[in-house]
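A quick write-up on the structure given underneath.
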Amino acid sequence: MSEERSLHFLEEIVEADIAAGKHTTIHTRFPPEPNGYLHIGHAKSICLNFGLADKYGGKTNLRFDDTNPVTEDTEYVESIMADVRWLGFEWEELHYASDYFDQLHAFALELIGKGLAYVDDLSAEEIAETKGTPTSPGKASPYRSRSVEENLHLFQEMKAGMYNDGEKVLRAKIDLASPNMHMRDPIMYRIRKTEHHRTRDKWCIYPMYDFAHGQSDAIENITHSICTLEFEVHKPLYNWYIEQLGIFPSRQFEFARLNLTYTVMSKRKLLQLVQENMVDGWDDPRMPTISGMRRRGYTPASIRNFCDRIGVQRRENIIDVGLLEFFVREDLNKTALRRMVVLDPIKLIITNYPENSSEILQGENNPELEDNGGYRDLNFGRELWIEAEDFMEEPAKKWFRLAPGMHVRLKNAYIIKCTGFQKNGAGKVTEVLCEYYPESKSGQDTSGIPVKGTMHWVSVADSSTAEVRLYDRLFQVENPSNEDGDFKTYINPNSLEIIAEARVENSLLEAKGGQQFQFIRKGYFTLDNKYATNGKLVFNRTVTLKDTWSKEVKK
RNA sequence: UGCCCGAUAGUAUAAUGGUAGUACGACAGAUUUUGGUUCUGUUUGUCUUGGUUCGAAUCCAGGUCGGGCAACCA
């Protein structure tokens with residue numbers, strides 16, 4: 001079943017490590033900061049970390065990197081856990097960097113004791129100035145040479161809350177002339193008199209990312225600590241802390257983050273869209289967040305397949321969102337129930353069908369499944385709703401649908417012939433007239449009439465209304481972050497079209513939240529968990545069907 | 001401009017010194033009671049200049065282009 005796949009570079013590293021006897025098994029971790037919602041880029045990291053451990057019989061932890069109380073919140077913790085599980089993964093151990101605050105504090109004391117850390121009274125601006133630039137070395141702070149005793153004492157006072165935010169920091173004493181800016185006496189601890197979402201007011205000093213991440217990895221015996229490329233310059237520092245402390249030698253490896261066309265992926269930008277109400281929250285179906293894609297109707301399998309296919313590399317990339325859509329269609333085609341919905345209704349009257357009469361026809365639930373996935377009842381009658389765009393007064397070239405004199409099949413029903421139409425004062429077609437062939441009934445057609453087109457429909461007498469939300473790409477340009485000026489100026493003003501009253505077949509009255517449907521010839525849709533109520537159906541379009549006709553029209 | 005990383009069809013990803021392959025896309029055709037699905041075919045590529053070698057996408061050197069690094073963010 002599984003096709004032969006070559007190893008990506010991280011798999012090669014793991015296999016080499018195992019072959020060399022470095023580890024018998026591996027331990028990875030997924031370490032989000034709980035300061036926002038997970039997006040498709042995180043999904044890549046999740047699939048990578050969990051997938052790698054799974055492949056080599058290892059384990060994966062979920063660890064919240066909650067070292068900055070200013071930005072973090074339990075709301076995000078909850079959503080992140082829900083999203084990881086929804087994607088289909090279960091962590092081995094659940095940890096918080098904040099669980100290690102005591103241990104981290106002890107590590108800091110140890111480094112101070114070794115003369116490798118000092119308390120600095122310089123302000124943030126002064127530290128930035130004395131740090132130098134990438135091309136010129138930094139200058140030592142006047143406080144760099146404080147004695148171990150003094151440092152211990154001052155750090156104790158910092159911890160005790162005797163100073164205000166920004167008054168003092170604890171710095172590692174490394175190399176102010178290092179070509180790597182991160183090695184120029186990086187800050188280990190800063191004062192933040194802010195309540196932490198878990199430790200509350202226990203601490204007023206908090207470790208920086210660099211002083212927490214590697215040690216957390218080491219505490220959990222993480223063998224392969226996988227992160228994105230921008231952390232590459234942090235690696236010497238990551239290793240320095242581990243070496244000076246003599247703890248478990250976790251090793252960091254970097255891969256290129258995921259970029260997708262027609263969207264943005266940075267948390268900062270996504271947050272802006274939410275805060276400035278350009279979208280309907282983090283779970284807006286147009287957002288590249290996991291929660292947004294879930295609401296939109298994407299399936300976990302389609303996201304996993306996508307992450308699997310794009311692979312993992314160290315080169316910058318921007319992946320065509322069309323590839324994601326391909327995997328969604330591929331998955332939904334096999335699972336979504338087929339239903340008929342008319343988005344832009346006009347009336348079709350079958351003039352030779354008996355008045356006040358109707359009949360029940362059968363429609364397959366999914367032709368891709370065995371036994372067509374079973375059948376549902378379709379109520380057929382003299383008056384039907386059809387799609388306005390399925391009728392043309394004067395047919396275009398290669399037009400297979402309705403036009404005066406043309407034959408077409410009504411899906412799961414009869415072949416009809418268009419005999420006329422009505423227009424209103426504005427010249428808009430309001431009604432199409434036709435005749436049907438009783439002997440052409442679906443499944444028992446003896447008419448012998450050849451038709452090229454098949455159209456969806458719903459009965460006027462026996463259908464309901466629903467709101468349908470059509471989503472398009474959020475941005476008008478492939479890479480909004482790369483354009484001049486504010487990325488928000490490139491937002492697609494037509495990314496959401498709300499159809500207030502589409503006509504749906506009555507079997508959809510039983511639709512449940514999160515259930516997926518294919519509206520025949522229209523695309524994949526799902527019931528919106530947020531806005532659908534008992535009395536009102538609201539559907540989100542996940543993705544359109546491939547449409548070769550619209551390409552034909554463009555020619 | 002100092003240090004680090006990277007460069008294979010339009011996009012992504014293989015080839016681990018020995019036939020440049022795969023997926024998506026695009027195009028054409030067949031099938032089809034969804035202009036869907038499925039099937040078949042076509043299309044387009046190793047950044048550049050040298051070097052090593054019987055042989056280089058792969059190794060080496062120079063160049064070009066792209067990305068990262070100067071938060072008390074992660």
Side-chain angles (χ1 to χ4, degrees), chain A residues 3 5-8 12 31-33 35-36 65-68 70-72 120 122-125 127-129 131-138 165-171 178-182 184 186-192 206 208-210 212-213 227-236 254 256 261 267-268 309-327 329-330 333-334 338 340 364 367-368 398-401 408-413 415 440 442-443 445 451-456 478 518-523 544-552:
Chain A
E3 61 195 279
R5 278 294 259 294
S6 50
L7 303 177
H8 61 66
E12 284 180 354
E33 183 189 13
N35 69 343
D65 229 335
D66 54 351
T67 57
N68 184 0
V70 178
T71 55
E72 297 153 7
D120 197 342
L122 256 31
S123 69
E125 297 73 36
I127 288 178
E129 277 168 31
K131 218 166 195 179
T133 68
T135 51
S136 63
D165 289 14
E167 273 187 58
K168 282 182 167 50
V169 289
L170 183 69
R171 288 229 256 172
S178 172
N180 183 337
M181 297 297 289
H182 293 274
R184 320 244 272 220
I187 291 164
M188 294 161 58
Y189 269 92
R190 78 287 212 187
I191 299 167
R192 280 280 177 281
Y206 292 92
M208 299 286 290
Y209 163 84
D210 286 305
H213 202 94
C227 60
T228 44
L229 240 28
E230 68 268 25
F231 289 100
E232 192 168 22
V233 285
H234 293 246
K235 185 149 64 178
E254 312 84 19
T261 54
K267 253 187 214 174
R268 204 193 92 245
R309 193 69 189 77
I310 60 176
V312 44
Q313 258 307 335
R314 286 173 64 83
R315 43 178 173 251
E316 297 296 325
N317 59 76
I318 179 158
I319 295 175
D320 190 338
V321 70
L323 186 62
L324 215 205
E325 291 172 347
F326 164 78
F327 283 105
R329 291 191 185 105
E330 185 191 46
N333 178 48
K334 292 179 300 196
R338 308 297 134 118
M340 293 202 281
E364 61 272 24
E368 302 294 316
K398 297 192 188 173
W399 180 255
F400 299 163
R401 311 178 196 175
V408 87
R409 174 173 289 281
L410 294 173
K411 178 77 178 170
N412 299 127
I415 292 173
S440 68
S442 188
D445 182 1
V451 290
K452 277 193 161 166
T454 300
M455 287 168 32
H456 62 284
E478 279 202 358
Q518 183 196 99
F519 292 176
I520 292 173
R521 299 209 298 141
K522 285 291 151 189
T544 59
L545 258 26
K546 265 178 75 175
D547 185 359
T548 48
W549 169 246
S550 69
K551 282 182 206 163
E552 191 67 39

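These figures come from a predicted structure and were not determined experimentally. In what follows, every chain begins at residue 1, and chains take the letters A, B, ... in the order their sequences are listed.
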message = Check the orientation of A:H234 and A:Y209. Use parallel for under 30°, tilted for 30 to 60°, and perpendicular for over 60°.
response =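 A:H234 and A:Y209: perpendicular rings.
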If you look at every strand shown and take non-hydrogen atoms under 4.0 Å, does [X] touch a base, only sugar-phosphate, or nothing?
X: A:L323; result: sugar-phosphate
X: A:M208; result: sugar-phosphate
X: A:N412; result: base
X: A:G443; result: base
X: A:I415; result: nothing
X: A:D65; result: sugar-phosphate
X: A:F326; result: sugar-phosphate
X: A:L324; result: nothing
X: A:E368; result: base
X: A:R329; result: nothing
X: A:L229; result: nothing
X: A:P367; result: base

request  = Report the residue (A:E316 or A:E12) whose heavy-atom-nearest nucleotide on RNA chain B is the more 5′ of the two.
outcome  =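 Its nearest nucleotide lies further toward 5', so the answer is A:E12.
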query = Taking for each residue the nucleotide of RNA chain B with the nearest heavy atom, is it A:F231 or A:A128 whose nucleotide lies nearer the 5' end?
reply =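 Looking at RNA chain B, the more 5' nearest nucleotide goes with A:A128.
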OP1 or OP2 of [N] less than 4.0 angstrom from a side-chain nitrogen or oxygen of [X], does that happen here?
X: A:R315; N: B:rG66; result: no
X: A:R190; N: B:rA74; result: yes
X: A:T548; N: B:rG36; result: yes
X: A:R184; N: B:rC69; result: no
X: A:R309; N: B:rA23; result: no
X: A:K551; N: B:rA26; result: yes
X: A:Q313; N: B:rA14; result: yes
X: A:T67; N: B:rA74; result: yes

Rounded to the Å, how far apart are [X] [atom1] and [N] [atom2]?
X: A:I318; N: B:rA7; atom1: CD1; atom2: P; result: 18 Å
X: A:E33; N: B:rA71; atom1: CD; atom2: P; result: 18 Å
X: A:F327; N: B:rU11; atom1: CZ; atom2: P; result: 18 Å
X: A:L7; N: B:rA15; atom1: CG; atom2: P; result: 8 Å
X: A:D320; N: B:rG25; atom1: CG; atom2: P; result: 9 Å
X: A:K267; N: B:rA71; atom1: NZ; atom2: P; result: 21 Å
X: A:E230; N: B:rG67; atom1: CD; atom2: P; result: 15 Å

Roughly how far apart are [X] [atom1] and [Y] [atom2], rounded to 0.5 Å?
X: A:T67; Y: A:H213; atom1: OG1; atom2: NE2; value: 10.0 Å
X: A:F327; Y: A:I310; atom1: CZ; atom2: CD1; value: 9.0 Å
X: A:L170; Y: A:R190; atom1: CG; atom2: CZ; value: 12.0 Å
X: A:T261; Y: A:D320; atom1: OG1; atom2: CG; value: 4.5 Å
X: A:M340; Y: A:L410; atom1: CE; atom2: CG; value: 8.5 Å

Taking the side chain of [X] as heavy atoms from C-beta outward, which of [options] is closest to it?
X: A:W399; options: B:rG35, B:rC5, B:rU34; answer: B:rG35
X: A:N68; options: B:rA74, B:rG36, B:rU1; answer: B:rA74
X: A:H8; options: B:rA14, B:rG2, B:rA12; answer: B:rA14
X: A:R314; options: B:rG35, B:rA70, B:rG6; answer: B:rG6
X: A:R409; options: B:rG36, B:rG35, B:rU33; answer: B:rU33
X: A:S6; options: B:rA70, B:rU34, B:rA14; answer: B:rA14

query = Only one of A:H182, A:M181, A:E254 clears side-chain contact (heavy atoms from CB on, under 4.5 Å) with A:V233; which?
reply =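 Considering A:H182, A:M181, A:E254, a side-chain contact (heavy atoms from CB on, under 4.5 Å) with A:V233 is found only for A:H182.
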query = Any Lys/Arg nitrogen of A:K546 or A:E325 sitting under 4.0 Å from an Asp/Glu carboxylate oxygen of the other?
reply =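 Looking at A:E325 together with A:K546, the answer is no, because their closest N to O distance does not fall below 4.0 Å.
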With a 3.5 Å cut-off and heavy atoms only, can you find an N or O donor on one side and an acceptor on the other between the side chain of [X] and the base of [N]?
X: A:S442; N: B:rU33; answer: yes
X: A:E254; N: B:rG68; answer: no
X: A:H182; N: B:rA71; answer: no
X: A:R521; N: B:rG35; answer: no

If we take the [atom1] atom in both [N] and [M], what is their distance in whole Å?
N: B:rA15; M: B:rU46; atom1: C1'; result: 11 Å
N: B:rC47; M: B:rC65; atom1: C1'; result: 7 Å
N: B:rA7; M: B:rA57; atom1: C1'; result: 11 Å

message = Need the pair for B:rA7. Rule: Watson-Crick or G-U wobble, both distances under 3.5 Å, any strand; none if unpaired.
response =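 Because both required distances fall under 3.5 Å, B:rA7 counts as paired with B:rU64.
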ask   = Ring of A:W549 versus six-membered ring of B:rG35: centres under 5.5 Å and planes under 30°?
value =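 Stacked: ring centres under 5.5 Å, planes under 30°.
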task = Taking A:N317 for its side chain and A:R315 for its backbone only, find out whether a donor-acceptor pair lies under 3.5 Å.
result =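 Yes, A:N317 side chain to A:R315 backbone: donor-acceptor pair under 3.5 Å.
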